[in-house]
There are 2 protein chains.
Amino acid sequence: MENIRELFQVMTRRFGLLNKNCCSIDAVDISLVQSHILYEIDKRESPSMQQVAEVLGMDITTFSRQIQNLVKKGLVKKTPLPEDRRVYTLSLTTEGKFIATTIDREINRYLEEVFSHMTEFEKETVIRSIKLLNECMAKSSVCCKPIGMGK
Amino acid sequence: MENIRELFQVMTRRFGLLNKNCCSIDAVDISLVQSHILYEIDKRESPSMQQVAEVLGMDITTFSRQIQNLVKKGLVKKTPLPEDRRVYTLSLTTEGKFIATTIDREINRYLEEVFSHMTEFEKETVIRSIKLLNECMAKSSVCCKPIGMGK
DNA sequence: ACAAATAGTTGCGTTTTACAAATAAATGAA
DNA sequence: TTCATTTATTTGTAAAACGCAACTATTTGT
């Protein structure tokens with residue numbers, strides 16, 4: 001059988017390029033990491049800086065500065081948490097939300113196009129497979145988490 | 001049904017972190033992009049600079065400098081092509097090959113671990129799904145290729 | 001009340017990035 | 001052949017991203 005990593009590498013590379021391309025559409029023009037940040041903030045319930053930096057596997061100091069940029073661009077709002085004033089809660093502004101939604105729509109549109117080359121059954125199978133894969137990756141504590149992050 | 005992009009995002013993020021982590025193991029200590037470069041050179045038959053830069057969606061000038069670094073580190077060899085002296089052919093040195101192999105083994109080891117949480121049937125299904133996905137992504141010319149690369 | 005832990009920021013030097021322009025070699029047309 | 005054009009790669013340069021160390025501010029535990 002062929003190299004499994006190869007399959008993953010090709011798939012994630014393509015999806016990565018898609019993500020990248022979708023950062024510069026029409027009104028939208030942000031960097032790839034910024035797109036990821038918007039995505040994660042949008043997905044979660046007013047997360048803290050640490051939380052988002054963590055899932056993205058980013059150094060907190062780099063993340064801090066990226067947030068500063070996004071705040072300057074008017075895409076993200078930083079709200080101090082009343083019960084713990086060390087913590088800042090992140091949320092998207094209306095424009096940030098708009099951009100995140102635009103990117104999301106664009107990516108889903110592309111994915112639909114890809115799935116259009118399959119039968120409905122194949123599509124279901126593929127989606128179930130990825131879901132299963134994600135569950136198994138979550139189980140496996142070996143790696144994949146930003147453990148040894150800093151060199 | 002849930003957002004399809006979400007599934008992809010989670011999967012590729014995990015795999016991305018895995019890739020990142022596997023860059024700094026033991027003797028190996030290179031950046032993520034450098035790891036990708038080594039991987040692609042290893043995979044192909046003495047490719048040119050353009051070719052590798054292209055599949056990685058990298059700007060050729062950035063790529064050029066990364067190659068210079070890898071050559072300095074003694075991991076990559078740049079050989080001028082006799083029949084067209086403008087192009088350079090890329091290949092891995094013994095040490096570059098060793099590092100690429102080490103990373104590859106490590107990643108595959110992790111993937112095996114992930115698959116160990118599935119039945120043999122599920123594993124087969126997942127692998128076939130990813131393969132199918134890759135084929136369909138290749139068909140779709142909408143995006144995913146480094147078309148609009150530069151902003 | 002105070003040491004220790006936690007969340008986030010800033011200083012600073014290194015690396016990465018990409019546009020513009022340069023070099024060098026091949027190709028095509030006159 | 002010669003010269004303009006195209007192609008592959010490199011270099012100049014400046015901006016952006018990165019991450020360690022050190023700092024501030026706040027909370028927690030004793």
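Bear in mind that the values here come from a model prediction, so they are computed numbers and not experimental data. Within every chain, numbering begins at 1; the chains are lettered A, B, ... in the order of the sequence lines, protein sequences first and strands thereafter.
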For the side chain of [X] and the backbone of [Y], is there at least one donor-acceptor N/O pair under 3.5 Å apart?
X      : Y      : value
B/T125 : B/F121 : yes
B/K78  : B/I67  : no
A/T93  : A/G74  : yes
A/N134 : B/L7   : yes

Given [N], is OP1 or OP2 found less than 4.0 Å from the side-chain N or O atoms of [X]?
X     : N      : value
A/Q66 : D/dC18 : yes
B/R86 : D/dT7  : no
A/S64 : C/dG8  : no
B/Q50 : D/dT7  : no

Original post:
Through what angle, rounded to 10 degrees, does the axis of the helix from C/dA1-D/dT30 to C/dA30-D/dT1 turn between its ends, using five pairs per end?
Top reply: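 About 20° separates the two local helix axes.
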Can you tell me the distance, in whole Å, between the [atom1] atom of [X] and the [atom2] atom of [N]?
X     : N      : atom1 : atom2 : result
B/M58 : C/dT15 : CE    : P     : 16 Å
A/R65 : C/dA7  : CZ    : C1'   : 15 Å
A/I37 : D/dA17 : CD1   : P     : 9 Å
A/K20 : C/dT16 : NZ    : C1'   : 12 Å
A/F63 : D/dA17 : CZ    : P     : 13 Å

Subject >> Stretch residues 68-83 of chain B: residues that reach within less than 4.0 Å of DNA chain D through a heavy atom >> reply: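 Those residues whose heavy atoms fall under 4.0 Å from DNA chain D, taken from residues 68-83 of chain B in numerical order, are B/Q68, B/K78.
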**OP:** With the side chain of A/I60 defined as its heavy atoms from C-beta on, choose the nearest nucleotide among C/dT9, D/dC20, D/dA17.
**Re:**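 Nearest to the side-chain atoms of A/I60, counting from C-beta on, is C/dT9.
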**OP:** Select one nucleotide: of C/dG8, D/dA8, D/dT27, the one nearest the side-chain heavy atoms of A/R85.
**Re:** D/dT27
**OP:** Return yes if the base of D/dC18 and the side-chain atoms of A/T61 contain a donor-acceptor N/O pair under 3.5 Å, otherwise no.
**Re:**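 Result: no qualifying N/O pair found.
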